[in-house]
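Beneath this line is the structure, given in structure tokens, with notes to follow.
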Amino acid sequence: MFDKIIPRSEDYAKWYTQVIRRAEMADYAPVRGCMVVRPYGYALWENVKEQLDSRFKATGHQNAAFPLFIPMSFIEKEAEHVEGFKPELAVVTHGGGKKLEEPLVVRPTSETIIGYMYSQWIQSYRDLPVLINQWANVVRWELRTRLFIRTMEFFWQEGHTAHATHAEAEEETLRILELYTDFALNEAAIPVIPGRKSESEKFPGALTSYTIEAMMGDKRALQAGTSHDLGQNFAKAFDIQYLDANQKQQHCWTTSWGVSTRMIGAIIMTHGDDQGLVLPPRIAPTQLVIVPIIPKNRDTDKQAVMQAVDSICETLGEVRYHVDDRHDYSPGWRFNEWELKGVPLRIEIGPRDLAKQQVVLARRDIPGREGKAFTPIANVAETVKDMLDTIQADMLKRATEFRDMNTFEPTTYDSFKEVVEEGFARAWWCENAECEEQLKAETQATIRCIPIEQPDGDGVCIVCGETAQDIAVFARAY
RNA sequence: CGGGGCGUAGCGCAGCCCGGCUAGCGCGUCUGCUUUGGGAGCAGAAGGUCGGAGGUUCGAAUCCUCUCGCCCCGACCA
């Protein structure tokens, strides 16, 4: 017998872990809270990286690399920043067998050390803007971890920019928020809500934090990326100044923004089903798997099938395909294997198909017989390409429908408390921290964001009944 | 840091409460034969410091003490 993965409805956390390990995305490391990203998971991450990186470059950013170690005193320079990060720092106290004069922090994020470097590099308004990104690993001493979603060490990109005016910095912050939204929608097929964080949820040291929020398969929210308007907080702490056209010293306006390997977790939890992963075609490491079916001891059939496979492969062009010709595994075994791994499309081809000059095309996003169709061999490449686009679009559509079906608009606090346990709740909020505190204490939910897109007019706060300018999204979050 | 669970073969587990002979089962692995359109069958084989240390005992996977680690749920967080 074969161990099936546990259904999502039975134990979502267990399902998540099992899928990741069985699909060989990642494994637990021998250090608590750390993970090993295995080749299959890393291949997905590389595709995420590639898509983001090309968007960064298209908007004028350059990549660079800053040190892993940050002097402790740097972290302490920005008051809110210290407070936010101090509890989760990994600190190096010894090096080369000797106690260090000043402890070194393993970067939890790099605003401080990059801010320091910017203060050296920026002299004049002509040096601005500075638009730099780095792909790096960072460490945060998390109490409770979860593969991809919250590990002690994680991989990400962090963009850090410096500008002459607040307007430019704001523009940058929102440009990146849009870029992230575009990536999530069009590559990861994750419908996200771009919005602003509440005061209590914003990045330590930021003026304003923006986020893209997604709904996972268990209806909990996940922050999938952030973009921060840092105002002049870090510029003042690190003395990032320039001489403007009127010969006056000015502090820069800086931003920072990041997307991490958490995005992998978001993809898994947005699209995965009880058979395993379901990966969006645009970033799937393998988009198409071809499974030849060959009865043993019938060499003529084998040759014919493999020839047909070869000629199909030749027509596939850019499609990322894999031929699984492991004939010591039964067809059923191989089907299940690739379904677990979330490959979007599968071609099954055997002597019977060959006789009719057709193949079986099976969609991963529609499990079982319903997702299977015969298609003529003659124009299979075209069909595959079209089908990959269709799957990509359908996955976004399905995820959007799921989110909308589980998004409620309660009008009383009582109904709010009920529905917020069941999904997202959209409701007016007066932006008062006390109301936020109250619902946090009473419901397990938090304010995920104040969406950029707002209805006209105003309403009354769901908690206190005072006038509220904006709708906020509330949910239980990861 | 609180609550819960778990460490026994590569993986998943049983055995422990109530100590006893050679520590079991499933999957996987290896060998052979038969099989291949949804996780193949039969036959044989290999594989163990029972997380670690100490104690009780004629005898410990099992009881006691200490310890290390991991997972899950909360508080805190990308």
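Protein chains get the first letters and strands the later ones, always in sequence-line order, with residue 1 at the start of each.
With hydrogens and angles ignored, a donor-acceptor pair closer than 3.5 Å exists between the side chain of A:Arg346 and the base of B:G38. Within 3.5 Å, a donor on the side chain of A:Lys372 pairs with an acceptor on the base of B:G38, or the reverse. Side-chain atoms of A:Glu339 come within donor-acceptor range of the base of B:G38, with a qualifying N/O pair under 3.5 Å.
Between the CH2 atom of A:Trp333 and the C1' atom of B:U36 there is a distance of 14 Å, rounded to whole Å. As a whole-Å value, the separation of A:Tyr28 OH from B:C6 P is 17 Å. Note: NZ (A:Lys14) to C1' (B:C13) measures 12 Å, nearest angstrom. A straight line from CZ of A:Arg363 to C1' of B:G38 spans 19 Å, rounded to a whole angstrom. For the pair A:Arg326 CZ and B:G39 P, the computed distance is 16 Å after rounding to whole Å. Straight-line distance from the CD atom of A:Glu213 to the P atom of B:A78: 10 Å, rounded to whole Å. Whole-Å rounding puts the A:Asp218 CG to B:C72 C1' distance at 14 Å. The CG-C1' distance, from A:Leu340 to B:G38, rounds to 14 Å in whole Å.
If you check every strand for non-hydrogen atoms under 4.0 Å, A:Ser256 touches nothing. Across all strands shown, A:Pro351 has heavy atoms under 4.0 Å from base atoms, whether or not it also approaches the sugar-phosphate. Among the protein residues, A:Asp353 comes within range of the nucleic acid bases, having at least one heavy atom under 4.0 Å from a base atom. Residue-level contact check: A:Arg334 touches neither bases nor backbone, having no heavy atom under 4.0 Å from any strand. Residue A:Glu142 is classed as a base contact, given a heavy-atom separation below 4.0 Å to a base. If you check every strand for non-hydrogen atoms under 4.0 Å, A:Val360 touches a base. If you check every strand for non-hydrogen atoms under 4.0 Å, A:Gly258 touches nothing.
Only the C1' atoms considered, B:C30 is 7 Å distant from B:A46, to the nearest whole Å. With both ends at atom P, the span from B:G47 to B:G19 equals 32 Å, rounded to whole Å. For the P atoms, the distance linking B:G28 with B:A23 amounts to 25 Å, nearest Å. Atom P of B:G48 sits at a distance of 36 Å from the matching atom of B:G4, rounded to the whole Å. Taking atom P on both nucleotides, B:A9 is separated from B:C1 by 30 Å, rounded to a whole Å. For the C1' atoms, the distance from B:U31 to B:C72 is 42 Å, rounded to whole Å. The separation of B:G55 from B:C13, taken at their P atoms, amounts to 32 Å, rounded to a whole angstrom. Annotation: B:C73 and B:U65 have their P atoms spaced 29 Å apart (nearest Å).
A distance of 10.5 Å separates CD in A:Gln62 from CG in A:Asn133, rounded to the nearest 0.5 Å. Distance CD/A:Gln275 to CG/A:Leu277: 11.5 Å, rounded to 0.5 Å. Between the CD atom of A:Glu418 and the OH atom of A:Tyr413 there is a distance of 12.5 Å, given to the nearest 0.5 Å. With values rounded to the nearest 0.5 angstrom, A:Glu24 atom CD is found 7.0 Å from A:Glu337 atom CD. Atoms OG and CG, from A:Ser209 and A:Asp229 in turn, are 8.5 Å apart once rounded to the nearest 0.5 Å. With values rounded to the nearest 0.5 angstrom, A:Trp338 atom CH2 is found 13.5 Å from A:Leu345 atom CG.
Using a 4.0 Å cut-off, some side-chain N or O of A:Arg144 falls inside it from OP1 or OP2 of B:C73. The phosphate of B:A40 has OP1 or OP2 within less than 4.0 Å of a side-chain N or O from A:Ser330. For A:Arg476 and B:G74, the shortest distance from a side-chain N or O to OP1 or OP2 is below 4.0 Å.
Relative orientation of the A:Phe238 and A:Phe234 rings is parallel, given thresholds of 30° and 60° on the angle between their planes. Under the 30°/60° scheme for interplanar angles, the aromatic rings of A:Trp257 and A:Tyr180 are found to stand perpendicular.
Looking at RNA chain B, the stems built from 3 or more consecutive Watson-Crick or G-U wobble pairs, each pair with its key distances under 3.5 Å, are B:1-7 with B:68-74, B:10-13 with B:24-27, B:29-34 with B:40-45, B:51-55 with B:63-67.
When distances run from any side-chain atom of A:Asn336 to the nucleotides B:G39, B:G37, B:A78, the shortest one goes to B:G39. The nucleotide whose nearest atom lies closest to any side-chain atom of A:Ser260 is, among B:G37, B:U29, B:A78, B:A78. Among the nucleotides B:C72, B:U36, B:C76, the one closest to the side chain of A:Pro331 is B:U36. Distances were taken from every side-chain heavy atom of A:Glu337 (C-beta onward) to each of B:A78, B:G39, B:A75; the shortest belongs to B:G39.
Under the 6.0 Å distance and 45° angle rule, A:Arg38 does not count as a cation-pi partner of A:Tyr40. A cation-pi contact links A:Arg346 to A:Phe335, judged by a cut-off of 6.0 Å to the six-membered ring centre and 45° from its axis.
A stacked arrangement is assigned to A:Phe154 and the six-membered base ring of B:A78, with a centre-to-centre distance below 5.5 Å and an interplanar angle below 30°.
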